[in-house]
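Here is how names work: the chains are called A, B, and so on, in the same order as the sequence lines, proteins then strands, and each is numbered from 1. Below, all heavy atoms of this structure are taken into account, side chains as well, without hydrogens, waters or symmetry copies.
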Number of protein chains: 2
Amino acid sequence: MKPKIDDVARLAGVSPTTVSRVLNDRGYISNETKEKVQDAMAKLNYFPNDIARSLYTKRSNLLGIIMPTTSNPFFGELTFHLESICASLGYKVLLCNSLNQKDKEKKYLDMLMRNQVDGIIVGTHNLGILNYQKQNLAVVSIDRYLSETIPVVSSDNYEGGKLATELLVRKSCEHIVLIDGVKEIEKSYLRREAYIDTLDKIGKTPIIYEIPEVFNVQSQQEIIENIFSEHPEVDGVFATNDIFAASFITAAKRYGKKIPEDIKVIGYDGTETVRTVLPDLTTIRQPIEMIAKEAINILLKEIEGEFTDPLHETKLPISLIEGSTT
Amino acid sequence: MKPKIDDVARLAGVSPTTVSRVLNDRGYISNETKEKVQDAMAKLNYFPNDIARSLYTKRSNLLGIIMPTTSNPFFGELTFHLESICASLGYKVLLCNSLNQKDKEKKYLDMLMRNQVDGIIVGTHNLGILNYQKQNLAVVSIDRYLSETIPVVSSDNYEGGKLATELLVRKSCEHIVLIDGVKEIEKSYLRREAYIDTLDKIGKTPIIYEIPEVFNVQSQQEIIENIFSEHPEVDGVFATNDIFAASFITAAKRYGKKIPEDIKVIGYDGTETVRTVLPDLTTIRQPIEMIAKEAINILLKEIEGEFTDPLHETKLPISLIEGSTT
DNA sequence: TTTCATATGTCAACGGGTTGACATATGAAA
DNA sequence: TTTCATATGTCAACCCGTTGACATATGAAA
C-alpha cells in the first residue's frame, strides 16, 4: 500500500499535523523536525496525494489543452511550448487530440470538467459547446473565434496573408491560387480575406482551393492535383500552412513544374520542423512560443479573476521568411 | 459555486444516493428516476467531480506520458497516437516534455506520482530514477532501456540499421557516414551497432558523427558541416532520424554536393510530417501507431497486475521506403 | 518575573462522491 | 397470502490531506 501522511508521521515520530505543516510550510517548524520529516518521506518513498489535496483546496492546478493533433508540426510545437510554460508555473496539462471532431471535443470537454481543470486552452474550432457549459471556467482560444466571451490569441493573420500575397504579386505572379482549409463558421479567415483583398485591389480574381480533411494526406493530394488540370496557368501559390505548401511542391514536381521558375510558392507557419526539413520554403512565420506565452498569461488572469475584458483579442507579429520557392 | 451531487438530488427530488446510483449504474433504478436525475444534471450543468471519485476509488485513470518534446515529429506523432488510444480506453493523459533533461524528468516524475497516475509511458532516457521510486507503479518504455524490470517497446532497430546501411552499400557507396545522437548509457544503440557490423563485414571503417543537443538546430548544423571538411570523400550518409538527414541534405546543397549523385542519404523514422514535407527522402519507417498500441497494451496489463515477465521486449517491424535520395 | 515568539500536539470538520447496511414500499408472481 | 424482485431512502464510514481552534512547553527577551 502507498504510504500516507500518518505513516510518515509515525516514522518521523511527530504528529500528522506537523508533517502537513512541513509539506505546506505553514506555522512554526524547527529545522530539526523538518529534516526528520523529510527523511521519513524519503525513506518511505512518500508522495503527497495531490488528489486529496485538490479535493480540499478546490484547486486542481490542472489545465486542459485541446488541439487537433500533436502530429501536426504547428500544434506539436505549440503544445510543447504551452506545456513547458505550464510546468514552469506549477500547472499540469491534460492533453486532448480532438482531430477537430465535434463529438470528440465534446467528450474531452466533459472529461476536463469532471477533472476540475482550472482552465482550458483551445486550438480547435468546434467548441460552440463552450458557451453554455462555460460557467466560471477560464478558457482561452488560439487563433479561433469561439464566442464573444472567450479571448483569442493569434498572430496577425491578415497581415500575414497580405504579406504573402503581395510577395507573389511583387514577384510578377499573374495567376495566384490560394490553398486553404475549409471555411467554417467558427473560424476567422483573415489570411484568406487578405489574399482576396490584395488581389481585388489590383483587379485579379481569387482562385481558392479548399482542403477539407486537414489531417488526411490522401485527399489533400487529390485536391491539390486538381489545380494543374483546372488552372494550368497557375504561377503563384499561397498555402495557408506549410504542409499544404509542401504537398503542392511535391505535386508540382510530378507535373514537371519548376519552383520558383514556373510557379512560386509561399507557405504559412514557419515551424521549426518545416524550417529544418524544408528550409528553402518561403513562408510566414508565426511566433509560436510567444503565442503560447500570451495565451497562458491571459488564462492565468482569467483564473485569478483579474480578467474582465469580454472581447479580448491579441494579435502577435508575424514575419516573412524568404526562401527560394518564391 | 459548482453544483454538487446534493444539488442534483434536491432538484430531481431524490436522495443523493440515488443520484450516485444513476451515475454509477448500480443497484435498482427505474427509467423514470434515471431521467429525472439526468434532466436535473443537465439543467444544473453538473459534472461529477472526478477528483472526489478518484480519492475514494483509488483509481485516477490518469496516465503520464514523458517525451523529450512534442515539437519533434516522431514524438509528436507518437504522443498523438498514445493519447488517442488512451482516450478511447477512458484514460486521461498528463503530458510532460522533458527535453531529455534529467532534472525536468525528476520533477515530472514527482508530479506524476503525486497525481496518483495509474501508469507512465516513457519516451526519454534519463529515468534511472525510476528504479527505486518505482514501487508498484506501472511503467512502459518506448525505445529506451531504463531498467531490467521495465518492458520496452520499440521497432526493430538493428534490422533498420542493417537495412539502411546495406542499401547504401548496395548503391556502391564507399564512404558511409553515420549521423547519430550521443551514445549514452541508458539507450541502446542498435541502429549504430547494425551500421558498424554491416560495415565491418565488408571491411569498411565506420565514421560516426554524434549530435549532442538533439533539439538545438544550431549546433546540429555545425556538427554536420564538419563532415564536409573532415570527410570530403563521403558519398553515403545514414542518419538515425529524418531531421538529421534533412539537415545533412541542406548542408550538402550548400557545399555544392548533389543528392543522390554525389552523396546518397537515408534517414530514419518516416513520420507522416516528414513523408509529406520531404517525400523524396529515403528512410526507414517506424510503425508509430503500432508502437503506441503495443505500449499501452503492455501498460494496461501491468496496471491490471496481469503482467509478470520482467525482461519483456517487443520488437515491431520496420520498413524501407525508397525515395530519390539514395 | 512576566511576556512572547517558537515549536509541537490533539482533535474534529471539511472537500465531494461512494458504498455497504438496513429500512421501507410496491406490485407481480407463486 | 406469501414471497421476492424492484425501487428508493437514510445513515455513516471512508478516501487523504488541510486547516483552524486550542492546549502545552520551552527558552529568550523585557
Assign [X] to base, sugar-phosphate, or nothing according to its heavy-atom contacts below 4.0 angstrom with the strands shown.
| X | answer |
| --- | --- |
| Ser30(A) | sugar-phosphate |
| Val14(B) | sugar-phosphate |
| Asn24(A) | sugar-phosphate |

- prompt: If every non-hydrogen atom of Ile303(B) is compared with every non-hydrogen atom of Ala138(B), which pair is closest and at what distance?
  reply: CG1-CB, 3.7 Å
query: So which heavy atom on Ile85(B) is nearest to which on Glu289(B), and how close?
result: CD1-O, 4.5 Å
With the threshold set at 4.0 Å, does a side-chain nitrogen-carboxylate oxygen contact exist between [X] and [Y]?
| X | Y | answer |
| --- | --- | --- |
| Asp7(A) | Lys2(A) | no |
| Glu304(B) | Arg59(B) | yes |
| Asp103(A) | Lys107(A) | no |

Where the side chain of [X] is defined as all heavy atoms beyond and including C-beta, which of [options] is the nearest nucleotide?
| X | options | result |
| --- | --- | --- |
| Ser20(B) | dT8(C), dT18(C), dG17(D) | dT18(C) |
| Ser15(B) | dG9(D), dG9(C), dC16(D) | dG9(D) |
| Tyr28(A) | dA7(C), dT18(D), dC15(D) | dA7(C) |
| Ile5(A) | dG17(D), dA7(D), dT8(C) | dG17(D) |
| Lys4(A) | dC15(D), dC16(D), dA5(D) | dC16(D) |
| Thr17(A) | dC11(D), dT10(C), dT6(D) | dT10(C) |

Looking at [X], I'd like to know whether one of its side-chain N or O atoms comes within less than 4.0 Å of OP1 or OP2 on [N].
| X | N | answer |
| --- | --- | --- |
| Lys58(B) | dC16(D) | yes |
| Arg53(B) | dT18(C) | yes |
| Tyr46(B) | dG17(C) | yes |
| Arg26(A) | dT19(D) | yes |

Expressed in angstrom and rounded to an integer, what is the separation of [X] atom [atom1] from [N] atom [atom2]?
| X | N | atom1 | atom2 | result |
| --- | --- | --- | --- | --- |
| Glu35(B) | dA7(D) | CD | C1' | 16 Å |
| Lys2(B) | dG17(C) | NZ | P | 10 Å |
| Arg21(B) | dG17(C) | CZ | P | 16 Å |
| Tyr56(A) | dT18(D) | OH | C1' | 5 Å |
| Asp50(A) | dG17(D) | CG | P | 10 Å |
| Asn49(B) | dC14(C) | CG | P | 18 Å |
| Asp6(B) | dT18(C) | CG | C1' | 13 Å |
| Ile51(B) | dC14(D) | CD1 | P | 23 Å |

field: First encountered from the 5' end of DNA chain D, between Asn31(B) and Leu55(B)
entry: Asn31(B)
Once you apply the 3.5 Å cut-off to both distances, tell me the Watson-Crick or G-U wobble partner of [N], or none.
| N | value |
| --- | --- |
| dC22(C) | dG9(D) |
| dC4(D) | dG27(C) |
| dC15(D) | dG16(C) |

- prompt: Any donor-acceptor pair under 3.5 Å joining the side chain of Arg114(B) to the base of dG17(D)?
  reply: no
5' priority, DNA chain C, between Val19(B) and Val19(A) [closest heavy atom]: Val19(A)
task: Tell me, yes or no, whether the heavy-atom count around Glu32(B) atom CD, taken from other residues, nucleotides or ligands under 6.0 Å, exceeds 12.
output: no
- line: Only one of Leu299(B), Leu82(B), Leu89(B), Leu94(B) passes side-chain contact (heavy atoms from CB on, under 4.5 Å) with Leu63(B), and that residue is Leu299(B)
